[in-house]
Amino acid sequence: MRIDPINVFLLDDEFPNLDEFRQKGIYNSAISSDNLYHLAVNCEWRHLHDLQQLIIDIVTSDAFKSGLINLFGFSTPTQALTAIGEKLKPDVIIYDWEYLNAPIYTSKAKDWLINLLEITDAFIFVYSKKRDDIPKFLNNPEFTKFPNRFQLFLKGGKIELSFSAEEFILQYIIGAASDRGEIKINGIKIEFTSNNYLKSAADILYLQRILGSQFVIDELNKIDFSINELGVEKILNDFNGYLLFSERKNVLINPSENIDRTELEPLSKLTYAEVVKRFSLNVLEDTINRGFLVL
C-alpha cells in the first residue's frame, strides 16, 4: 500500500470564472482541491461536463478521502511550471493542449509539454478536444526521450462500449495512489484489488483492448463488478485465447500469425491467463499486435 499521497496537476484554462474567486486571486496560482470541487458542483461548465465529472470523481473517491491523492488546478502551464520550481512536484499531469494565448497550431503547447517532461517524472495525459490534430506535434525528435511518459486522449471522447478518456484517467490516478479502491466503468461502480494479473486499476484498459470492450463489460457483470485475482483469471479463461510458446527460443507467437515455425519447435500452448501470470499484460498485448515476440 502506498503511504505518500500522489500529486495530480490539472491544467486547463476553461475553469468556470467566478467573480469571488477572481477577486481573491484564486486563479493566479494552484487552485486547491476544495476550490476545484466547489467549481465542479456549483458552476455551469458549458461543454466541459466530462472534466467537471472527473474532478468530482477524483475528490469523492476513497483514495482521495483517505489522503492518498492531492489535486491541484492550474489555469496555465506557466503557473504549473512556477509551482514545480517552488518544489511542488506532480506525479500525474492532465494537460490541456489548447489555450487562448497559445492556439493549437503554435509551438507554445509543445514547448510547455517538453518542459514538464524534462523537469518532472510525472506521467502526462495530453488532453484535447482536437486530439487528431496533435500527433504531428508529438512525432518529432524532442519527444523520443519520453516514449512511456505521456498518452494522448480526446477530451470528452468515448468509443461506444469502451472506456472514456476521463474514466481511464480516473482509473490511472486511483491505481497509482492505492492498490485497491472503487472505480467506475461506463458509470458502473467496480471494486478493484491489486493482484498477480492487474497491478493497478489502469491495467483494466489492457483487458479492454485485448479482449474487446463488450466482452469485458459482460464478464464484469458475471463477477459482480469486483476485480480481484480470481475475477481476472475467470475473464481471461472465459475468452479461451492462447499463444504459442517456444521455450527453447524464448519466443511467443500469436497462433493466427502466418510464419515458419520450424526453427521454433517444439511449441507449447499458453492460455492468456498463463501468459499474463508468467510475463505481463504488456507482453500479451504486444504479441497479439506484432504476431510474435522475442522475450
Side-chain angles (χ1 to χ4, degrees), residues 1-2 123 125 147-153 159 161-163 165 167-176 178-181 183 185-186 188 190-295:
M1 173 70 73
R2 185 185 177 108
F123 188 87
F125 292 100
N148 300 315
R149 291 273 312 284
F150 64 92
Q151 187 163 349
L152 182 59
F153 273 127
I159 301 172
L161 298 175
S162 183
F163 308 146
E167 284 173 327
F168 179 56
I169 291 170
L170 177 66
Q171 292 168 27
Y172 184 94
I173 291 170
I174 292 176
S178 173
D179 61 1
R180 65 180 299 123
I183 60 174
I185 297 177
N186 284 8
I188 301 168
I190 298 169
E191 287 294 327
F192 174 82
T193 305
S194 180
N195 54 76
N196 285 332
Y197 295 103
L198 308 183
K199 301 305 181 186
S200 75
D203 289 343
I204 296 169
L205 186 68
Y206 288 109
L207 287 181
Q208 179 260 339
R209 290 199 299 245
I210 293 167
L211 308 180
S213 302
Q214 187 60 63
F215 182 85
V216 171
I217 295 297
D218 291 344
E219 288 293 310
L220 288 173
N221 185 51
K222 295 178 183 178
I223 58 174
D224 296 325
F225 297 99
S226 179
I227 299 177
N228 51 33
E229 185 160 342
L230 289 176
V232 176
E233 187 165 348
K234 175 176 172 48
I235 291 173
L236 289 167
N237 285 330
D238 283 357
F239 191 75
N240 293 321
Y242 69 92
L243 298 180
L244 300 174
F245 182 53
S246 170
E247 192 91 43
R248 185 170 61 87
K249 294 288 188 176
N250 210 27
V251 175
L252 281 168
I253 306 167
N254 185 336
S256 64
E257 184 72 9
N258 186 22
I259 62 172
D260 184 0
R261 302 172 186 174
T262 306
E263 295 298 318
L264 300 173
E265 295 179 345
L267 296 171
S268 58
K269 286 185 178 181
L270 295 180
T271 67
Y272 280 5
E274 290 171 333
V275 172
V276 176
K277 202 161 193 176
R278 185 166 176 176
F279 304 106
S280 70
L281 273 170
N282 277 320
V283 166
L284 174 59
E285 185 180 35
D286 283 352
T287 306
I288 292 171
N289 291 337
R290 296 181 187 182
F292 67 93
L293 189 67
V294 180
L295 301 167

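Each residue takes its place number in the sequence, starting with 1.
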Separation between [atom1] of [X] and [atom2] of [Y], rounded to the nearest 0.5 Å:
| X | Y | atom1 | atom2 | answer |
| --- | --- | --- | --- | --- |
| E285 | R290 | CD | CZ | 10.0 Å |
| N237 | E274 | CG | CD | 8.0 Å |
| L243 | R278 | CG | CZ | 12.0 Å |
| L211 | I235 | CG | CD1 | 8.0 Å |
| E247 | L270 | CD | CG | 8.0 Å |
| L264 | I253 | CG | CD1 | 4.5 Å |

With a 4.5 Å cut-off on side-chain heavy atoms, are [Y] and [X] touching?
| X | Y | answer |
| --- | --- | --- |
| L198 | N195 | yes |
| F245 | V275 | no |
| L284 | L252 | no |
| L236 | T271 | no |

### Query
For V232, which of I227, N196, I223 qualifies under side-chain contact (heavy atoms from CB on, under 4.5 Å)?
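Among I227, N196, I223, the one that satisfies the side-chain contact (heavy atoms from CB on, under 4.5 Å) with V232 is I227.
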Which atom names give the shortest non-hydrogen contact between [X] and [Y], and what distance separates them?
| X | Y | answer |
| --- | --- | --- |
| A273 | E233 | CB-CG, 4.4 Å |
| R261 | P255 | NH2-O, 2.9 Å |
| Y197 | L281 | O-CD1, 3.9 Å |
| V283 | S280 | N-OG, 3.1 Å |

### Task
State whether K222 and E219 are salt-bridged, where the test is any N-O pair (Lys NZ or Arg NE/NH1/NH2 against Asp/Glu carboxylate O) under 4.0 Å.
yes
### Task
Indicate whether any N or O donor in one side chain lies under 3.5 Å from an N or O acceptor in the other, for T262 and D260.
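On atom types as modelled, these side chains qualify, holding a pair under 3.5 Å.
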### Message
Can you tell me how the ring of F239 sits relative to the ring of Y272, calling it parallel under 30°, perpendicular over 60° and tilted otherwise?
### Response
parallel
### Message
So for atom CD, which belongs to E265, do other residues, nucleotides or ligands contribute more than 12 heavy atoms lying within a distance under 6.0 Å?
### Response
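Yes, the 6.0 Å shell around CD holds more than 12 heavy atoms from other groups.
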### Query
Hey, does the side chain of N254 reach the backbone of G291 with a donor-acceptor pair shorter than 3.5 angstrom?
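No; judged by distance alone, with no hydrogens or angles, the pair does not exist.
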